[in-house]
Enquirer: 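Submitted below is the structure of interest, expressed as structure tokens.
The first residue in the sequence is number 1, and the count goes up from there. Hydrogens, waters and symmetry mates are skipped; everything else that's a heavy atom, side chains included, is used.
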Amino acid sequence: MQGAYLATGQAQAAFVHVDVGTANASGSLNDAKANRTPVVLCAGRSPVTVEAVPGGRSKYINWLQDVPDQGMLVRNYTKNEQIAYRAAAMRVPAQRAFQAAESAPPGPASLTFPREALMEQTDLGADVVATPYPAVRPASPNPEAVALLPDWV
């Protein structure tokens, strides 16, 4: 994650498995936070439904992988935590996660997807870009006000 950012200057995304993938990535997020590397960690989540919907809890492993608070595995290392519960609604949480990661000071953000959202049909496509939510930069002095400073002394 950090090497790709250093080579490109662009925020990176990493995709990991539910629970153990998230736990394994927390060490890298600790480093990314310390180095101010903008990265969005994307992870699956256990299904939230038990109904007969695509992606619902249909297998024994879905119960074993359920972590009551998966976000706590990375919360101490991230600036922002988003959950995209529906496929059609993934655009905004993804854009907000990248905005948080790239805003000063840059650092990691977390974005998770329940299994149902990952299996849901959508027309979203590859048009998720961060431009609607540009990174927030630190405020800087107004150049006209700075020019007046010598007159104030």
Side-chain angles (χ1 to χ4, degrees), residues 1-140:
M1 294 185 289
Q2 295 174 64
Y5 167 70
L6 292 172
T8 65
Q10 296 179 333
Q12 300 296 305
F15 289 78
V16 297
H17 194 272
V18 63
D19 183 26
V20 294
T22 306
N24 190 37
S26 65
S28 294
L29 288 181
N30 184 17
D31 291 342
K33 178 184 175 189
N35 293 328
R36 295 188 173 176
T37 303
V39 63
V40 176
L41 180 72
C42 300
R45 292 180 75 92
S46 296
V48 293
T49 60
V50 292
E51 295 89 17
V53 298
R57 290 184 190 228
S58 59
K59 300 178 181 183
Y60 178 67
I61 192 69
N62 298 142
W63 296 95
L64 294 177
Q65 292 173 332
D66 190 20
V67 180
D69 187 4
Q70 183 172 322
M72 80 73 192
L73 296 168
V74 298
R75 195 168 292 130
N76 288 324
Y77 312 118
T78 58
K79 298 172 58 179
N80 181 274
E81 180 183 355
Q82 298 282 322
I83 303 172
Y85 286 103
R86 300 290 312 269
M90 285 183 187
R91 180 183 290 122
V92 173
Q95 290 167 333
R96 293 299 303 246
F98 275 97
Q99 178 188 36
E102 294 175 332
S103 293
S110 171
L111 179 60
T112 58
F113 311 93
R115 185 171 175 235
E116 297 92 331
L118 293 173
M119 294 182 70
E120 190 176 11
Q121 294 293 320
T122 181
D123 295 330
L124 187 58
D127 61 346
V128 178
V129 293
T131 50
Y133 301 103
V136 178
R137 302 290 178 224
S140 58

Enquirer: List the steps, then state whether side-chain contact (heavy atoms from CB on, under 4.5 Å) holds for E116 with V53.
Expert: CA-CA 8 Å; E116 297 92 331; V53 298; 4.1 Å; yes
Enquirer: Hey, is the main chain of A97 close enough, under 3.5 Å, to the side chain of Q82 for a donor-acceptor pair?
Expert: no
Enquirer: Restricting to non-hydrogen atoms, name the atom on V39 and the atom on A32 that form the minimum distance, rounded to 0.1 Å.
Expert: CG1-CB, 4.1 Å
Enquirer: Could you tell me which non-hydrogen atom of Y77 sits nearest to which non-hydrogen atom of P108, and how far apart they are?
Expert: O-CG, 3.3 Å
Enquirer: So how far is it from R36 CZ to K79 NZ, rounded to the nearest 0.5 Å?
Expert: 9.0 Å
Enquirer: Please round to the nearest 0.5 Å and tell me the distance separating atom CG of D66 and atom CZ of R45.
Expert: 9.0 Å
Enquirer: Minimum heavy-atom separation for P114 and I83, please, with both atom names.
Expert: CD-CG2, 4.2 Å
Enquirer: Cut-off 3.5 Å, side chains only: do N35 and Q2 have a donor facing an acceptor?
Expert: yes
Enquirer: Decide whether Q65 and S46 meet the rule of one side-chain donor and one side-chain acceptor closer than 3.5 Å.
Expert: no
Enquirer: Measure the CD-OH distance between E120 and Y85 for me, rounded to the nearest 0.5 Å.
Expert: 14.0 Å
Enquirer: Please report the C-alpha distance between W63 and R57 in whole Å, then the side-chain angles of each, then the deciding distance to 0.1 Å, and finally whether the side-chain contact (heavy atoms from CB on, under 4.5 Å) criterion is met.
Expert: CA-CA 7 Å; W63 296 95; R57 290 184 190 228; 3.0 Å; yes
Enquirer: Grab the two heavy atoms, one from A25 and one from V16, that are nearest each other, plus how far apart they are.
Expert: CB-CG1, 4.2 Å
Enquirer: What heavy-atom pair brings V136 and S103 nearest, and what distance separates the two atoms?
Expert: N-OG, 2.7 Å
Enquirer: Are R115 and N62 linked by a side-chain donor-acceptor pair shorter than 3.5 Å?
Expert: yes
Enquirer: State, to 0.1 Å, how close M90 and A84 come at their nearest heavy-atom pair, and which atoms those are.
Expert: CG-CB, 3.8 Å
Enquirer: To the nearest 0.5 Å, how far apart are CG in L111 and CZ in F113?
Expert: 3.5 Å
Enquirer: Using only atom types and a distance under 3.5 Å, with no angle test, would you say the side chain of K33 pairs donor to acceptor with the backbone of S28?
Expert: no
Enquirer: Atom OG1 of T78 and atom CG of L41: how far apart are they, to the nearest 0.5 Å?
Expert: 9.0 Å
Enquirer: Q70 and T22: side-chain donor and acceptor closer than 3.5 Å?
Expert: yes
Enquirer: Can you tell me if E102 uses its side chain to pair, donor with acceptor, with the backbone of A100 under 3.5 Å?
Expert: no
Enquirer: Please indicate whether R75 has more than 12 foreign heavy atoms, meaning atoms of other residues, nucleotides or ligands, lying under 6.0 Å from its CZ.
Expert: yes
